[in-house]
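One structure below.
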Amino acid sequence: MNAIQKIKGVADLFEPDSTAFTRLETVAREVFGRFGYAELRVPVLEKTELFARSIGEETDVVQKEMYTFPDRKGRLLTMRPEATAGIMRACIENKVFAEKPVVKLFSFGPMFRYERPQKGRMRQFHQLDAELLGPKEPEADAEVLLMLWTYLRELGLQKLCFELNSLGCARCRPGYRQALVDYFSGLAPAALCEDCRRRTNTNPLRVLDCKVPGCKAATAGAPLITDHLCPDCAAHFASLRAALDAQGVEYTLNPRLVRGLDYYVGTTFEITSSDIGSQTAVAGGGRYDGLVRDLGGPDVAGIGFAIGMERLAMLLPGVKPEAPDFFLALLDQGAAGAALALAQRLRGMGLRGDMDFTAGSPKSRLRAAGKSGARFCLLLGADELNRGTVQAKDLAGGGQTEVPLEDLTALAALFETPGSEA
RNA sequence: GUGGCUGUGGCGCAGUUGGUUAGCGCGUCAGGUUGUGGCCCUGAAGGGCGAGGGUUCAAGUCCCUCCAGCCACCCCA
């Protein structure tokens, strides 16, 4: 019988890959907690309509990347392709806005997008999300960005590029959009690639982000959103920049930074790395005032970001697994019960280690002990059992002592002495 | 969805123009005389060559389909 294999674009993460994810989560809980964020867990499955309404019917994500299927009663469900929509749904449904004017939440878990896998792009991938709901002041944007910045620094990541832009609001965007369309229609028909000619009508902002060389050249002189912001947006953006400057956060202004989800307005940002393949975005986010209202909730402002955990993990330096304290070697099967009891006592003292279940020769057991990387090999056989003792061999130094099994203090003392490095 | 490359024991690889029982390194396990590791030596286990068809007297080696991986486009975290 053929063994069943995993489906395309998903991953099994064993040690030490799994430890990188654990680290990302641990540091996130710590840092985000310091900023007052509470953890939220939301379902992976939602009604398809939630994503269609929030992300945008015309986006690539909704058009061709969602895992959507009818359940047994014919309801259309979707495996979430991003987290914000579900978090907003949960907030509205649980009326969290009625309790407090400012809501800070973070969440992480798997997301699903039906795409062709490649480096840094999985069909099941994981995101770390943070959302700040309520305040619309630029200092709120600044705090969110500072939190992301702090998180990345505490992970020890230096070589990241921080890009910032403002997409404008419902008041300034139509004018800018028209300016763009006018500019594009003034170009030679062949100046833009086929996709971009279509985008000129559907999503002219996206043309600015096209990587085709011809398009890059053709849009070099295109009008920039930052020159078309309304007074409110311009002031907001200026205040945000001032706040970031004051905090020493280094960033690059990228007037061509366009996000792929329709709900973004105003401040947008992206953290990129050139070390993780052609998918460069490690984290991205922005302001989404109006999203909660559009999903049937009150008109509260919001800003947040998502971090791609797989991509971030690629940048993390390798972590060495913690070495065990002991390896309990069994020399005679008759001592198995005593070995289990001893191991349990040691673990009760907070020590880490493995024990043999099957007895073997001293040579084979010591070999195994050496490979385990343990500091001590404890040997227990018929002789020791008769004497009521256990042999403790220092695997780095080589010294060996015999300790009475019942002598807790002597056992504890063994592990308290500084280990000899060899 | 498109394109290129790839798929041989746990891991990394070699396998001549298709031809006897598919090799190597690492790893795993055991042994190198009395209950003691890490180096060294010896031996053993473990694959029928991603899956399924086809061509042939004969296929890991040729053809087809599918699956998976990698990289890129696209898109995004």
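Note on naming: letters A, B, ... go to the chains in the order of the sequence lines (proteins, then strands), and numbering restarts at 1 for each one.
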Let me know the distance between [atom1] of [X] and [atom2] of [N], rounded to the nearest Å.
X	N	atom1	atom2	value
A:Leu331	B:G35	CG	C1'	6 Å
A:Asp356	B:U36	CG	C1'	13 Å
A:Phe112	B:A77	CZ	C1'	14 Å
A:Phe305	B:A77	CZ	P	13 Å
A:Asp129	B:C76	CG	P	16 Å
A:Glu115	B:C73	CD	P	13 Å

Hunt down the Watson-Crick or G-U wobble partner of [N], both distances under 3.5 Å, from any strand shown, or write none.
N	result
B:G1	B:C73
B:C62	B:G54
B:A68	B:U6

Donor-acceptor pair under 3.5 Å: do we get one between [X]'s side chain and the base of [N]?
X	N	result
A:Gln391	B:U36	no
A:Lys363	B:U36	no
A:Arg116	B:U2	yes
A:Arg367	B:G32	yes
A:Glu384	B:G35	yes

So, does [X] get its side chain near the phosphate of [N], meaning an N or O under 4.0 Å from OP1 or OP2?
X	N	result
A:Ser364	B:G31	no
A:Lys64	B:C74	no
A:Gln118	B:A72	yes

[M] and [N], which share atom name [atom1], separated by this distance in whole Å:
N	M	atom1	result
B:A22	B:A58	C1'	16 Å
B:G23	B:U8	C1'	10 Å
B:U56	B:C63	C1'	12 Å
B:C67	B:C29	C1'	34 Å
B:C66	B:G46	P	36 Å
B:U61	B:G50	P	8 Å
B:U55	B:U65	C1'	15 Å
B:C11	B:A51	P	14 Å

Answer yes or no for A:Arg123 and A:Phe112: cation-pi contact, defined as NZ/CZ to six-membered ring centre under 6.0 Å and angle to ring axis within 45°.
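That pair does not qualify as a cation-pi contact.
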
With sugar-phosphate meaning primed atoms plus P, OP1 and OP2, does [X] contact a base, only sugar-phosphate, or nothing at under 4.0 Å between heavy atoms?
X	result
A:Leu261	sugar-phosphate
A:Gly373	nothing
A:Gly381	nothing
A:Ala306	sugar-phosphate
A:Gln400	base
A:Gly285	nothing

Out of [options], which has the shortest distance to the side chain of [X]?
X	options	result
A:Arg113	B:G31, B:C76, B:C71	B:C76
A:Lys393	B:U36, B:G35, B:C29	B:U36
A:Asp60	B:C74, B:A77, B:C29	B:C74
A:Thr280	B:A77, B:C76, B:C29	B:C76

Restricting to side chain to side chain contact (heavy atoms under 4.5 Å, CB included), what partner residues turn up for A:Ala38, sequence neighbours left out?
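For A:Ala38, the residues satisfying side chain to side chain contact (heavy atoms under 4.5 Å, CB included) (neighbours in sequence not counted) are A:Leu105.
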
Is the glycosidic torsion of B:G48 within 90° of 0, making it syn, or is it anti?
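Here the answer is syn: the torsion falls within 90° of 0.
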
Quick check on the 6.0 Å ring-centre criterion: do A:Phe376 and A:Phe327 meet it?
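No, the ring of A:Phe376 stays outside the 6.0 Å limit from the ring of A:Phe327, centre to centre.
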
Closest-nucleotide ordering on RNA chain B, the 5'-leading residue of A:Arg123 and A:Gln127:
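Whichever sits nearer the 5' end wins; that is A:Arg123.
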
A:Arg121 or A:Tyr264, whichever maps to the more 5' nucleotide of RNA chain B
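On the 5' side of the pair lies A:Arg121.
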
Looking only at the side chains, is there a donor atom on one of [X] and [Y] sitting less than 3.5 Å from an acceptor on the other?
X	Y	value
A:Tyr37	A:Glu131	no
A:Thr68	A:Thr78	yes
A:Thr389	A:Glu402	yes

For the pair A:Arg259 and A:Glu270, find out whether any cationic side-chain nitrogen is under 4.0 Å from an anionic carboxylate oxygen.
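Between A:Glu270 and A:Arg259 there is a salt bridge, with a charged N closer than 4.0 Å to a carboxylate O.
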
Taking only Lys NZ, Arg NE, NH1 and NH2, and the carboxylate oxygens of Asp or Glu, determine whether A:Glu25 and A:Arg23 approach each other closer than 4.0 Å.
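Salt bridge absent between A:Glu25 and A:Arg23.
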
